[in-house]
Amino acid sequence: MQPSIARAGSALFCAAILLGTLMPGPWRDAAARPFELTLDLGLVAHVVLFAGLCLQLPFTRWWAMAWWHVPAIGLGLALLTEGLQSFVPGRHPNLAGVLQDLAGTLMGWVAARTWQARLAARTA
């Protein structure tokens, strides 16, 4: 993946995470209502957005990332976004959200590491 694409994707995923986090409770409920899914849309959003972000972070090449940087960024962003929810009307921070974010973080991180290993094997 080219760094410019990864950077743009990372910025978009980060913006979507912050938008979803800072959206007041009634707005969030109204946005989810048309979908009428049997599974929790918030859970899916937590996992998918964090997985997408953490999949792209190693390819941004903002700096030479160590193996632990992506999980640390995911944990930090999960704690930050859940903490910010205490300031949003109709929202509250919870441990379940952090765990969902971490599940997505780990999925994206493993996918990125696998992708990097395959690219390295292909060029070797």
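Positions are given from 1 along the sequence. Keep in mind it's a predicted model, so treat the numbers as computed, not measured.
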Non-hydrogen atoms of Gly83 and Pro93 that approach each other most closely:
N-CB, 4.4 Å
Any Leu84 side-chain heavy atom under 4.5 Å of Leu22 side chain:
yes
Return all side-chain donor-acceptor pairs below 3.5 angstrom for residues 61-71, not counting sequence neighbours, or 'none' if the list is empty.
| residue | atom | partner | partner atom | Å |
| --- | --- | --- | --- | --- |
| Trp63 | NE1 | His69 | ND1 | 3.0 |
| His69 | ND1 | Ala66 | N | 3.0 |

Kindly work out whether a path of hydrophobic side-chain contacts (I/L/V/M/F/W/Y, heavy atoms less than 4.5 Å apart) joins Leu102 to Leu55.
no
Hey, any chance Phe13 and Leu106 share a hydrophobic cluster, counting ILVMFWY side chains that come within less than 4.5 Å of each other, even indirectly?
yes
If hydrophobic clusters are built by linking Ile, Leu, Val, Met, Phe, Trp and Tyr wherever their side-chain heavy atoms come under 4.5 Å apart, do Leu80 and Ile17 end up in the same one?
yes
Between Cys54 and Gly74, the two heavy atoms sitting closest are SG-CA, 4.4 Å
Taken to the nearest 0.5 Å, the spacing of Glu82 CD from Arg91 CZ works out to 8.0 Å
Hydrophobic clustering (ILVMFWY, side-chain heavy atoms < 4.5 Å, transitive) - are Val110 and Leu53 grouped together?
yes
With ring pair (Phe, Tyr, Trp, His ring centres under 6.0 Å) as the rule and sequence neighbours excluded, what pairs involving residues 88-122 come up?
Phe59-Trp115
Once you round to the nearest 0.5 Å, how far does CE of Met23 lie from CG of Leu18?
11.5 Å
Measuring from atom NE2 of His46 to atom OG1 of Thr105, what distance do you get when rounded to the nearest 0.5 angstrom?
11.5 Å
Output for pair (Leu57 CG, Cys14 SG), nearest 0.5 Å, gives 8.5 Å
Minimum heavy-atom distance Gln56-Ser10, with the two atoms named:
OE1-N, 3.0 Å
Would you say Phe50 ends up clustered with Val48 if hydrophobic residues are merged whenever their side chains have heavy atoms under 4.5 Å apart, either directly or through other cluster members?
no
Find the distance between CG (Leu77) and CG (Leu49) and round it off to the nearest 0.5 Å.
10.0 Å
